[in-house]
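What follows is one structure encoded as C-alpha cells, with my remarks underneath.
Every chain is numbered from 1, with letters handed out A, B, ... down the list of sequences.
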Amino acid sequence: ELKVEQNPLFLSMQEGKNYTIYCNYSTTSDRLYWYRQDPGKSLESLFVLLSNGAVKQEGRLMASLDTKARLSTLHITAAVHDLSATYFCAVDEDSNYQLIWGAGTKLIIKP
Amino acid sequence: KAGVTQTPRYLIKTRGQQVTLSCSPISGHRSVSWYQQTPGQGLQFLFEYFSETQRNKGNFPGRFSGRQFSNSRSEMNVSTLELGDSALYLCASSLATSADTQYFGPGTRLTVL
C-alpha cells in the first residue's frame with residue numbers, strides 16, 4: 001500500500017527566508033503532484049513531476065523529484081507573505097488510477 | 001473554460017438526515033473524484049467515477065454513495081448523517097483518470113447539528 005508522508009506538517013517562517021518541504025512515498029510511482037490550498041479555499045495544482053530528476057519552478061517555488069529516493073521537495077526561496085497556505089503532495093498509485101495524498105504542510109510566513 | 005462547480009456551497013443538516021451534493025466537472029473531463037476534508041483527518045478520498053461507473057472507492061462506510069451521469073456530472077449522497085460527517089466535501093475532475101492533474105471545485109461545507 002502506497003503511503004505518502006510530508007514533513008514538516010507545520011512551518012512558521014519569516015519573510016525573506018528559504019525553506020524546504022519534503023514529501024516521501026513508499027513505493028514506485030510515475031507521477032507526483034504538488035497542490036496549494038489557501039485558507040478557506042479549494043486546492044490548486046502547482047506542479048506535476050513525471051520523471052527522475054524532474055525540476056519545475058514558478059516564481060519563488062521550485063519542486064524536484066528523486067524517484068530512486070522516493071522523495072520530492074518543494075523549495076521556497078525568499079518567502080513572501082502571499083505564499084502562506086497549506087501545501088499538499090500527492091502521488092499516483094500506478095495500478096489504481098488514484099492519487100494518494102500527504103497530510104499537508106501548513107506554511108505561515110510572517111512579515 | 002468554466003471550472004468545476006459544486007452546489008450547494010453551504011449546507012446545514014441535522015443528525016439522521018440525508019444529503020445530496022452535486023458536482024459539474026470541467027467540460028471534456030470524464031473522471032470525477034470526491035474527497036472529504038476535515039481538520040483532524042485531512043484530505044480523504046471517497047470515490048472516483050468514470051463513464052458512469054465507480055472505479056475506485058476509499059475507506060468510508062456505505063452511507064456514502066455517489067453516481068455519475070452520462071454528461072459526467074456527479075452527485076454524492078450521505079444518508080443517516082452523523083456529527084462526524086461535518087466537513088468540506090471537495091469534488092475534482094480530470095481528463096481520464098484521477099491520477100491526471102485534478103481540478104478542484106470550491107467545495108461544499110456541510111455542517112451536521
Side-chain angles (χ1 to χ4, degrees), chain A residues 1-10 21 23-25 27-51 54 56 58 63 65 67 72 85-108, chain B residues 1 3-7 9-10 21 23-26 29-51 53-60 66 68 87-109 111:
Chain A
E1 181 189 337
L2 176 60
K3 293 189 188 300
V4 179
E5 291 186 355
Q6 283 183 241
N7 68 83
L9 297 182
F10 179 80
I21 299 170
C23 174
N24 291 272
Y25 54 98
T27 66
T28 57
S29 174
D30 287 340
R31 282 181 278 196
L32 188 141
Y33 296 84
W34 285 98
Y35 284 81
R36 167 181 174 154
Q37 185 176 34
D38 291 319
K41 301 286 180 65
S42 191
L43 281 81
E44 175 189 358
S45 173
L46 290 173
F47 303 110
V48 54
L49 302 168
L50 300 175
S51 60
K56 294 275 185 78
E58 182 165 333
L65 179 62
T67 57
S72 179
T86 299
Y87 293 86
F88 292 90
C89 65
V91 180
D92 171 19
E93 188 171 33
D94 290 336
S95 60
N96 220 12
Y97 298 106
Q98 72 168 276
L99 294 181
I100 307 300
W101 293 79
T105 296
K106 185 171 184 178
L107 175 63
I108 295 176
Chain B
K1 218 177 206 181
V4 178
T5 58
Q6 291 186 246
T7 56
R9 293 291 311 280
Y10 302 91
L21 311 181
C23 171
S24 293
I26 291 172
H29 285 193
R30 298 174 64 191
S31 169
V32 174
S33 299
W34 288 90
Y35 295 89
Q36 182 195 66
Q37 187 175 35
T38 59
Q41 298 297 317
L43 193 64
Q44 293 189 284
F45 172 74
L46 280 156
F47 27 65
E48 184 229 357
Y49 285 87
F50 178 83
S51 291
T53 301
Q54 187 182 87
R55 187 161 58 179
N56 279 300
K57 191 178 190 308
N59 191 23
F60 278 81
Q68 187 181 33
L88 180 66
Y89 289 89
L90 293 165
C91 163
S93 77
S94 56
L95 274 172
T97 79
S98 58
D100 297 320
T101 298
Q102 294 189 23
Y103 297 85
F104 283 80
T108 294
R109 173 75 62 185
T111 302

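Residue pairs meeting the salt bridge (charged side-chain N to carboxylate O under 4.0 Å, His left out) criterion with at least one member in residues 37-48 of chain A, sequence neighbours excluded: A:R36-A:D38.
Using a 4.5 Å cut-off between heavy atoms, B:Q37 touches chain A through its side chain atoms alone.
Counting heavy-atom neighbours within 6.0 Å of A:E5 CD, excluding the residue itself, gives a total of 12 or less. More than 12 heavy atoms of other shown residues, nucleotides or ligands fall within 6.0 angstrom of atom CZ in B:F50.
Here B:D100 contributes atom CG and A:Y33 contributes atom OH; the two are 5.5 Å apart, rounded to the nearest 0.5 Å.
With sequence neighbours excluded, the residues satisfying side-chain contact (heavy atoms from CB on, under 4.5 Å) with B:A92 are B:Y35, B:Q102, B:F104.
Of the listed residues (B:G107, B:G105, B:G42, B:G58), the greatest number of heavy-atom pairs within a distance under 4.5 Å of chain A belongs to B:G105.
Closest approach of A:S42 to B:P106, counting heavy atoms only: CB-CA, 3.9 Å.
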